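Just so it is clear, the model here is predicted, and its values are computed rather than measured. Along the sequence shown, residues are numbered consecutively beginning with 1.
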Amino acid sequence: MTGAFLAGLVAGYGVAIPVGAIAILILGLSARTSFRVGSAAALGVATADGMYAAVAALGGAAVASGLAPFAGPLRLIAAGVLLALACLTAWRAMRPPAPAQEPSPRGGLDTPVRAFAAVLALTLLNPATVVYFVALVLGRGDVLGSGGAGAIAFTAGVFLASASWQLLIAGGGSLIGRALTGPRGRRVTALLSSVIIAALAVATVLGV
């Protein structure tokens, strides 16, 4: 279970670190309202990441035995998907920065419940997240094991990693938060994420 939890932590940071529109929304909510509202929005992101991780992990555990004969090719396909995501993240980081805009909805998010629900829904609309977790689970099923305990530990790691990063942005205020959401900060975090995802792809191929 420890290995699955650590794998979840790494995977969670890999998907959470790139600073985009959602992070800017969280920062803006904290600045305009309160840390309670910003932290609720941050937990909305972490909940969405955890839900996608749980679906991928539990589904992967359920079909692991059936896919065992195809473990080798499946590992290579998963690594290819992860490398493609890493390259896409890096390419986006190197593009000229677009004007920073918060995603809709913006109005009415002045309570923790509304902020949580709205940001949860916005984050769930990103299909790349579930593709990322499915590729990880199918490529590294040996880390999670075949039981539900490994899937739960992996999901917990993803949730804690995502929550800690998003809460850092929410609580960073104008100092840390604005540094991360500026053009340079967004580029650095995206490149860092691409390195993490590429390292996971290599680990998937090597089976480590």
Side-chain angles (χ1 to χ4, degrees), residues 8-54 85-86 88-133 155-198 200:
L9 278 178
V10 175
Y13 281 121
V15 77
I17 283 177
V19 172
I22 296 293
I24 295 174
L25 173 60
I26 293 172
L27 176 63
L29 285 173
S30 293
R32 291 194 305 269
T33 56
S34 67
F35 174 69
R36 287 182 63 225
V37 175
S39 61
L43 292 177
V45 177
T47 300
D49 289 343
M51 290 171 63
Y52 274 147
L85 290 172
L88 180 61
T89 302
W91 175 74
R92 287 176 174 171
M94 300 308 296
R95 288 188 304 175
Q101 294 181 346
E102 294 180 5
S104 296
R106 290 187 295 175
L109 305 185
D110 52 353
T111 68
V113 173
R114 290 176 181 175
F116 175 87
V119 175
L120 171 63
L122 285 170
T123 308
L124 286 174
L125 292 176
N126 183 11
T129 303
V130 71
V131 172
Y132 169 71
F133 286 128
T155 301
V158 169
F159 177 84
L160 288 176
S162 181
S164 64
W165 180 257
Q166 304 301 339
L167 286 171
L168 172 66
I169 293 176
S174 60
L175 180 60
I176 298 176
R178 296 196 184 282
L180 289 176
T181 56
R184 181 176 297 179
R186 297 177 74 177
R187 180 171 298 171
V188 169
T189 56
L191 289 175
L192 177 59
S193 171
S194 67
V195 169
I196 294 174
I197 297 173
L200 288 172

Mind running side-chain contact (heavy atoms from CB on, under 4.5 Å) on S164 and Y13 for me, showing each step along the way?
CA-CA 9 Å; S164 64; Y13 281 121; 2.8 Å; yes

When every non-hydrogen atom of Y132 is compared with those of V10, the smallest separation belongs to OH-O, 4.3 Å

What residues, two or more places apart in sequence or in another chain, satisfy side-chain hydrogen bond (donor to acceptor under 3.5 Å, both in side chains) together with S34?
none

Please output the side-chain donor-acceptor pairs of residues 37-53 that fall under 3.5 Å, not counting sequence neighbours, one pair per line with the distance.
| unit_1 | atom_1 | unit_2 | atom_2 | d |
| --- | --- | --- | --- | --- |
| S39 | OG | F35 | O | 2.9 |
| S39 | OG | R36 | O | 2.9 |
| T47 | OG1 | L43 | O | 2.7 |
| D49 | OD2 | S162 | OG | 2.7 |
| Y52 | OH | L124 | O | 2.4 |

Smallest separation among heavy atoms of L27 and I169, with atom names
CD1-O, 3.9 Å

